[in-house]
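Written below as structure tokens is the structure these notes are about.
A note on names: the letters A, B, ... follow the listed sequences, proteins ahead of strands, and every chain is numbered from 1.
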Amino acid sequence: MKKKVLSVLLAVSMIGAMLAGCGSASEQAAAPVAEETAPAKEEAPAEEAAPAEEAAPAEESGAAGEGTFALVTKSAGNPYNEREAAGFEEAMKAMGYSDSQIIIRHPESATADAQITTINELIAQNVSAIAIAANDQDALQPVCEQAASQGIKIISLDSTLNAASRLTHVNQAGTQIIGQTLMDAVKDLAGGEGQWAILSATSQASNQNAWIAAMKEVMEGEDYAGLELVEVAYGDDEYQKSVDQTQALLTNYPDLKVICAPTTVGIMAAAGVLQDKGSAVKLTGLGLPSEMADYIGTDNVCPYMYLWNPIDVGRLGAYTSVALVNGDITGAAGETFTAGEMGGYEIVEASDGGTEIIVGPPFAFTPDNIDEWKSVY
Amino acid sequence: MEKKKFDWKKITGSREMSLVIVLIVLCLFVQIRNSSFLTSETLEDMFRNYAVIFILALGMMCVLLTGGIDISIGSTLAFSGMAAGLVMRDYMIPTPVSFLLSMAIGAGLGLVVGMIITKGKVPPIVCTLGFMNIYRGLTYLIAKSQWVAAYQFTDSFKNFALTKYLGFGLVNNMIAVTIYCYIIFFVVMKWTTIGRRVYAVGSNVEAAAVSGINIGHVKIGVYTLMGFLCGLGGALWTSLYKSAQGDMATGIEMDVIAACVVGGVSLTGGRGSVVGVFLGSLTIAIIGKALPLIGVSQFWQSAIKGLIILVAVILNVLAQRTMDKNNLRRREM
Amino acid sequence: MATKSGRTIIADQPFSWKTFFLKWEWLLVILFLGINVMNASLSEYYLSGAGLFNATNSFLEKAFVALPMAYILVLGDIDISVGSTACLSAVMLAYFYNLGVPMGLCIIICLLTGTICGAINGLILTKFTELAPMIVTLGTQILYRGIAEAMLGDEARGGLSSVKWFSNLYWGKIGIVPIMLICFIVCAVIFGFVLHKTFFGRRLYAIGANKLAAEYAGIKVQKIRMIVFTLTGTFAAVTAIFLAARMGSTRADIATGYELEAIAMAVLGGFSTDGGKGKFPGLILAIFIVGMLRYGLGLVNMASQFMLVVIGALLIITVMLPNIKSMFKVKKKA
């Protein structure tokens, strides 16, 4: 008899503990903002977006406008995604929306599967708009259609959804521009001719594949005839695998002059390998300034590289969501709107048949400006 | 009596021989396809990159020997590596302190796992499955989803993976640490009572208990040791990659377990050797390093890896069977 | 025979209310109710309209593979290749659909693929009985996913949602009840019936309690293991069908980690990895506990980092609870 009572007590206390755990979870989550020692100027208050009590109906808070706006990033635990979320939140607040109207979700893994679950939960909360950095452009279509049928405005940012699933896409930089910019960098670093290789993320990453395709297209031009692309290697955005692949590239192609890594993990891994080996191979691509600060320098492995500002991507995502919900735009090409202090933007045709908004050209990180940027993101 | 002892040695020796032969064939095949494989540079790269797997496999062997399993090691590694990395970022502590800190944290995490398995009587796979999630979640939380970037580590820490001072100028520090670990484990497992106790618990729990071994202590000990090695692995990992990321070492547990089973460690406990574990880890390292070198299509690499693991363990069984049969025949005579 | 086979363990005991309420399942019932109360009080959306039914859609496709996983655990075995099997089956389905094969046939191909994968596991395990199932299924886990990667490379195969009836397997509803929920209930009832009310089910427990004794008692242990592993492959393919319907396209990285989720569900439901233990109602409760907890925490937008910690702690603490009880008992005696 005692045993029974005991087990029931334990079970009850455990549930109690879990309840308490959830309560304290939101409190703890709020804490990082205050304690944050990280160098970033806009800190990412991502998790605390919507603690339990604040899931109250949006109308109560009034302020700028009504509705709840959600951002779904690619996955948790990645500073890039945190920056994007920080930008989104900052812009929403600048427009006068309250904490309870902003929902930021980082799925637990970088899969379409996890994003579908997340979006389902957002649909159940009757949000007004969802901005998604899609992990898979087609696999989210059914759930996005479901959301759209309930009147939720769906846009993608950073990484695109297919044309049928989205109203528009916030593109960090035009695919063609990135292809052109990276090819010019490769040509410059190779001294006009020679062998070069690409170290990409996963073989399935739609962003990277689009950029690689754009680079190959640019390379067909006469100016680039001296360059020979020897291999596209895939590091799966895993550090160890990227290191292995870089070392294999160096062993297999002794005459290699340049490696171009259009992925933040890959470029970091490759930079480490090249520096350790004291290799003469030069590196460029797309990388996070904080992670790459050690390797950027005129005489260093990576003379310069590019990226856009993920904070701006998040910001523009917020302005676009709000404009759609307010009916200022519908997502059709040719429409224009004002994105707060970011200025005016125009919606243009995208190559996949949908529409997109281009944030701006990729930004070059050089030895001159890297110290200033490495503490930002 | 003496003769019987001799037979046993021969068997363990030749069980590992079958793996050595597989490895030699594999290496020769790769070498023919790409002559840069068996060069000191490639080999050094390989041992350096896979040092963590080599070291973790030792701990995993002890856990498996007691009949347990630990699938939380990737998360434990990430947590201790990240925690030490954060302290280094904020306080610029010296390299040895950072290593000790990481190892202490790892040992603490392992101790918790061991306590819950033995005192709470939770099956090891369930307990470590739970902790795999818990420690990973905590890793993200303590880091507030940030990474510790290369420029935030001290130079001496970053240079640890590049220099050779622990290896007396002959081999890289990472490799030196691996070698030391293997020497210590080889001696301890073979010639000390501690080693014998671990084997005893795995091969026959009742007999071990009767003979006065505290089963609970041994089990807690192996999980703590596993955690300790994860801590070491975490420090090595962050030093090697000059970056601490929340999702580092995800899925490494499967590679480590594969290394152990390919090396002949039994999952039911009581059987396995340090030499076997070395060969098993070597197999995993060679597969990872060699396949990109011989131009195997990216997309076929996992399939080949899975196939090699299956073939290796099946060959192991076949070799064991023939040996048992020969053994029986000899006894009959 | 009955005594030697270890069947005494599950032989009918005289009914008493005391033992009835002391069962593991009651703990789960309490947990389940607790979680629902918690969710309902935390989020106003939880109990709204079709919300609860929709919630089942977010986790049930994984639950199909937890059903045979319970059988495997009863046997004292384990299968960590189910995620990869599901992935390969889904990839085959989409691959052949894109070649112009009619969807009905694709589903059969998908089920066949899963069955073959399961049969390969079973075949290796029964031919080489020395090998631990963990090793073999670890090898096939890597192998099956590797084959999927080799087939698709860097591409996705999609367009599946253009077949409305296929898409409706996951998204469709009869009234407000999702079709998938109905399918799951049917499967769960069949699995539960077979495990608890048939001779086959009793044999599973006998093998799990004492493999050697079961063999001496004339039970064809290896044949039964073969059947169960094959069945698991088939149900991994069932999961694959719903997953494909959910996403409308497949890649080589889908269903990663499903094996661990299925094992966690079964263990929480009272099935021990040591074999011979567990009752089916417990599994069903556990599936809904984990699923509803995740959904509820998702509704209040809890960060996934916390979610990982909560789910892990739930698993360990729940499994530990009955042992804490026995720890107290030992202390009293001493």
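For a residue to count as touching a neighbouring chain, one of its non-hydrogen atoms must lie under 4.5 Å from one of that chain's; by this rule Ile71(B) touches chain C with the side chain only. If you measure heavy-atom distances from Ile69(B) to chain C, the contacts under 4.5 Å come from the side chain alone. Using a 4.5 Å cut-off between heavy atoms, Leu307(B) touches chain C through backbone and side chain atoms alike. Only the side chain of Ala132(C) comes within less than 4.5 Å of a heavy atom in chain B; its backbone stays farther off. In this structure, chain C has heavy atoms under 4.5 Å from both the backbone and the side chain of Ile134(B).
Of the inter-residue distances, the one linking Ile142(C) atom CD1 with Ile287(B) atom CD1 reads 8.5 Å to the nearest 0.5 angstrom.
Residue-level contacts of residues 255-268 of chain C with chain B, in order of numbering, are Leu260(C), Ala264(C), Val267(C); threshold 4.5 Å between heavy atoms.
In Tyr199(B), the OH atom is crowded: over 12 heavy atoms of neighbouring residues, nucleotides or ligands sit closer than 6.0 Å. Around atom NZ of Lys279(C), no more than 12 heavy atoms belonging to other residues, nucleotides or ligands sit under 6.0 Å away.
Interface check for chain C: of the options Thr268(B), Val122(B), Ile309(B), the most heavy-atom pairs under 4.5 Å are formed by Val122(B). Counting heavy-atom pairs closer than 4.5 Å to chain C, the top residue among Leu318(B), Ile314(B), Leu138(B) is Ile314(B). In terms of heavy-atom pairs under 4.5 angstrom with chain C, the leader among Asn133(B), Ile308(B), Thr139(B) is Asn133(B).
A side chain to side chain contact (heavy atoms under 4.5 Å, CB included) with Ile135(C) holds for exactly one of Val262(B), Leu310(B), Leu267(B); it is Leu267(B).
Here the closest non-hydrogen pair linking Pro123(B) and Val319(C) is CD-CG1, 4.0 Å. Closest heavy-atom contact between Gly146(C) and Ser302(B): CA-CB, 3.6 Å. Minimum interatomic distance between Thr273(C) and Val126(B) (heavy atoms only, all atoms of both residues): CG2-CG2, 4.3 Å. Smallest separation of non-hydrogen atoms from Arg321(B) and Phe128(C): NH2-CA, 3.6 Å.
Within the structure, salt bridge (Lys or Arg N to Asp or Glu O under 4.0 Å) pairs that include any residue of residues 66-78 of chain C comprise Asp77(C)-Lys211(C), Asp77(C)-Arg225(C) (at least two apart or interchain).
Contact annotation: the side chain of Met134(C) never approaches that of Val261(B) to less than 4.5 Å [non-hydrogen atoms, C-beta and beyond].
The side-chain contact (heavy atoms from CB on, under 4.5 Å) search around Val228(C) returns Tyr71(C), Ile72(C), Leu75(C), Phe200(C), Leu204(C), Ile224(C), Thr232(C), not counting sequence neighbours.
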For residues 250-258 of chain B, which side-chain N or O atoms pair as donor and acceptor with protein atoms under 3.5 Å away, sequence neighbours left out?
{"from": "Thr250(B)", "atom 1": "OG1", "to": "Asp247(B)", "atom 2": "O", "distance (Å)": "2.6"}
{"from": "Asp255(B)", "atom 1": "OD1", "to": "Lys305(B)", "atom 2": "NZ", "distance (Å)": "3.0"}

